[in-house]
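Written below as structure tokens is the structure these notes are about.
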Amino acid sequence: MSDKFDVVVIGSGPAGYVAAIRAAQLGLKTACVEKWQNKEGKGVNGGTCLNVGCIPSKALLDSSQKFYEAKEDFKVHGITTKGVDINVPSMLERKDKIVKQLTGGISSLFKANGVTSVFGTGKLLANHKVEVTDSDGKTKTLDADNVILASGSKPIDIPVAKIDNDVIVDSTGALEFDSVPKRLGVIGAGVIGLELGSVWKRLGSEVVVLEAMEKFLSIMDQQVAKETQKILTKQGLDIRLSCRVTGSEVKGKKVTVTFTDKDGKEQKETFDKLIVCVGRRPYTEGLLSEDSGVNLDERGFIYVNDLCATDAPGVWAVGDVVRGPMLAHKGSEEGVMVAERIAGQKTVMNYDVIPNVIYTHPEVASVGRTEEQVKADGEPYNVGTFPFAASGRALAANDTDGLVKIIAHAETDRILGAHIVGPSAADLIQQVAIAMEFGSSSEDLGLMVFGHPTLSEAVHEAALAIHGHAIHIANKKKR
């Protein structure tokens with residue numbers, strides 16, 4: 001059996017489903033293949049992000065933050081509470097309900113846009129053919145003029161802490177704890193480790209985060225990274241850097257982790273649960289036949305050019321399975337770009353302006369280059385910062401930790417990067433991203449009228465501070 005399409009997309013995560021919808025909007029006959037199954041064994045769209053990633057983790061982050069505020073912060077506002085408790089099964093039920101609503105929403109969007117949804121495991125064959133194997137082992141072949149590979153990524157396993165989905169879990173398992181662990185270990189102080197560690201710390205766990213790197217959040221601007229570490233440590237996260245895990249042993253319902261500390265000494269810690277989140281790798285197992293014409297790079301990513309075209313004509317790849325940051329929004333925009341190029345448009349993507357966010361509380365967000373990167377590039381630059389402690393809106397909300405940092409070229413004044421740790425950082429960074437997309441200078445931001453009182457004023461003041469014009473803090477004197 002062979003079905004003919006203009007476009008077949010393999011994978012329905014944020015990269016795949018967006019590519020499929022946009023292709024269909026452009027009048028292309030489109031099918032989207034997805035192998036994910038829900039707990040009932042039914043095919044479901046959304047990939048990692050909607051099912052076990054971005055969305056469920058944010059649901060737990062928000063629930064746990066509300067619990068923490070009710071327990072610890074309400075009294076500052078004059079609100080008295082007694083006997084505040086957390087019902088973990090109810091919290092997980094809410095999380096699952098949100099996931100079901102959003103994954104079901106993709107099915108509705110597919111129907112509205114005329115995308116054919118195909119459930120099963122997709123494999124790219126030669127000549128743009130896609131073999132689909134369903135859950136019963138039956139196969140059929142889809143024929144396409146263009147194929148978009150959007151198979152996503154999966155957690156990296158490490159031999160020294162093998163996942164048993166009980167005591168030792170990956171990021172997926174950490175979303176399913178049916179009770180609050182008394183003592184929780186986290187291997188990896190990256191985005192996922194900090195977010196999941198924060199969830200269970202707020203709910204009452206003693207959390208120890210073991211990170212092999214010497215620097216905290218080494219890929220981020222180090223001024224903001226250090227401020228973030230200080231804030232999270234104050235919240236009770238025990239973050240240990242330069243700690244390399246060498247082994248683990250499960251006995252009963254506990255796990256003992258062996259690691260070398262920053263001084264090279266062997267240490268041991270025992271936990272009720274251990275989360276392994278040391279990164280993700282592209283998912284390509286069984287995706288490509290040997291004669292597909294698609295090549296992988298030395299790290300296992302599908303090789304593509306700047307327009308996401310693979311070495312095989314008519315075959316494209318987007319999202320976590322290709323180079324660049326593993327971010328849902330990056331994959332989605334790549335999907336749009338590819339769909340539009342297939343339709344004959346000349347769309348390109350600006351990889352220099354992609355926001356990145358860590359959804360701890362406060363949030364951490366960045367766009368563009370760090371101060372370290374600008375300095376390494378040898379470009380002259382100016383920096384402006386503004387602390388949320390000087391923001392009237394943040395003070396009114398009792399949420400004053402953190403700062404806004406903006407970097408601008410010293411000669412052209414064009415904004416090169418922005419880095420924020422603080423309340424609503426994810427939304428505030430987008431203001432600077434928009435400005436950067438239009439080539440704005442820090443003076444442009446400084447000349448704009450920002451509403452008062454708002455958190456956005458911190459962005460305004462940081463831009464003004466670049467040239468010593470900040471109003472609500474004392475400006476640093478130029479040397």
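Excluded from the calculations below are hydrogen atoms, water molecules and symmetry mates; all remaining heavy atoms, backbone and side chain alike, are included.
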Which atom pairs, one a donor and one an acceptor, fall under 3.5 Å between side chains of residues 69-82 and the rest of the protein, sequence neighbours left out?
residue	atom	partner	partner atom	Å
Glu69	OE2	Gln65	NE2	3.2
Lys75	NZ	Glu72	O	2.7
Thr81	OG1	Ala70	O	3.2

Do other residues, nucleotides or ligands put more than 12 heavy atoms under 6.0 Å from the [atom1] atom of [X]?
X: Gln37; atom1: CD; result: yes
X: Arg393; atom1: CZ; result: no
X: Met213; atom1: CE; result: no
X: Leu296; atom1: CG; result: yes

Distance under 6.0 Å and angle within 45° of ring axis: Lys154 vs Tyr283: no
Can a donor-acceptor pair be found between the side chains of [X] and [Y] at a distance below 3.5 Å?
X: Lys405; Y: Gln223; result: yes
X: Asp320; Y: Ser153; result: yes
X: Ser205; Y: Arg183; result: no
X: Thr270; Y: Thr256; result: yes
X: Asn45; Y: Trp36; result: no

Plane angle bin for Phe177 and Trp200 - parallel if under 30°, tilted between 30 and 60°, otherwise perpendicular: tilted
Can you give me every donor-acceptor pair (side chain of residues 352-361, partner residue at least two apart or in another chain, under 3.5 Å) with its distance?
residue	atom	partner	partner atom	Å
Thr360	OG1	Pro362	O	2.8
His361	NE2	Asp399	OD1	3.3
His361	NE2	Asp399	OD2	3.2

Any side-chain heavy-atom pair of Val132 and Thr139 under 4.5 Å: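 No, too far: nothing below the 4.5 Å cut-off.
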Side chains of Leu217 and Leu194 in contact at under 4.5 Å (non-hydrogen atoms):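 Side-chain contact under 4.5 Å: yes.
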Using 0.5 Å steps for rounding, measure from the [atom1] atom of [X] to the [atom2] atom of [Y].
X: Leu149; Y: Leu124; atom1: CG; atom2: CG; value: 5.5 Å
X: Ile158; Y: Asp170; atom1: CD1; atom2: CG; value: 11.5 Å
X: Thr172; Y: Ile192; atom1: OG1; atom2: CD1; value: 9.0 Å
X: Ile415; Y: Glu437; atom1: CD1; atom2: CD; value: 12.0 Å
X: Thr228; Y: Ile239; atom1: OG1; atom2: CD1; value: 9.0 Å

Backbone N/O of [Y] and side chain of [X]: donor-acceptor pair under 3.5 Å:
X: Ser391; Y: Ala389; result: no
X: Thr370; Y: Gln373; result: yes
X: Thr103; Y: Lys100; result: yes

Where Asp221 and Glu372 come nearest, the two heavy atoms and their spacing: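 Where Asp221 meets Glu372 most closely, the heavy atoms are CA-OE1, 3.6 Å.
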For Val160 against Thr246, the heavy-atom pair lying closest together: CG1-O, 3.3 Å
Inspect the contact between [Y] and [X] and indicate whether a charged nitrogen and a carboxylate oxygen are less than 4.0 angstrom apart.
X: Arg22; Y: Glu340; answer: yes
X: Lys95; Y: Glu176; answer: yes
X: Lys162; Y: Asp157; answer: no
X: Glu195; Y: Lys58; answer: yes
X: Arg281; Y: Glu285; answer: yes
X: Asp261; Y: Arg240; answer: no
X: Lys140; Y: Glu131; answer: no
X: Glu334; Y: Lys330; answer: yes

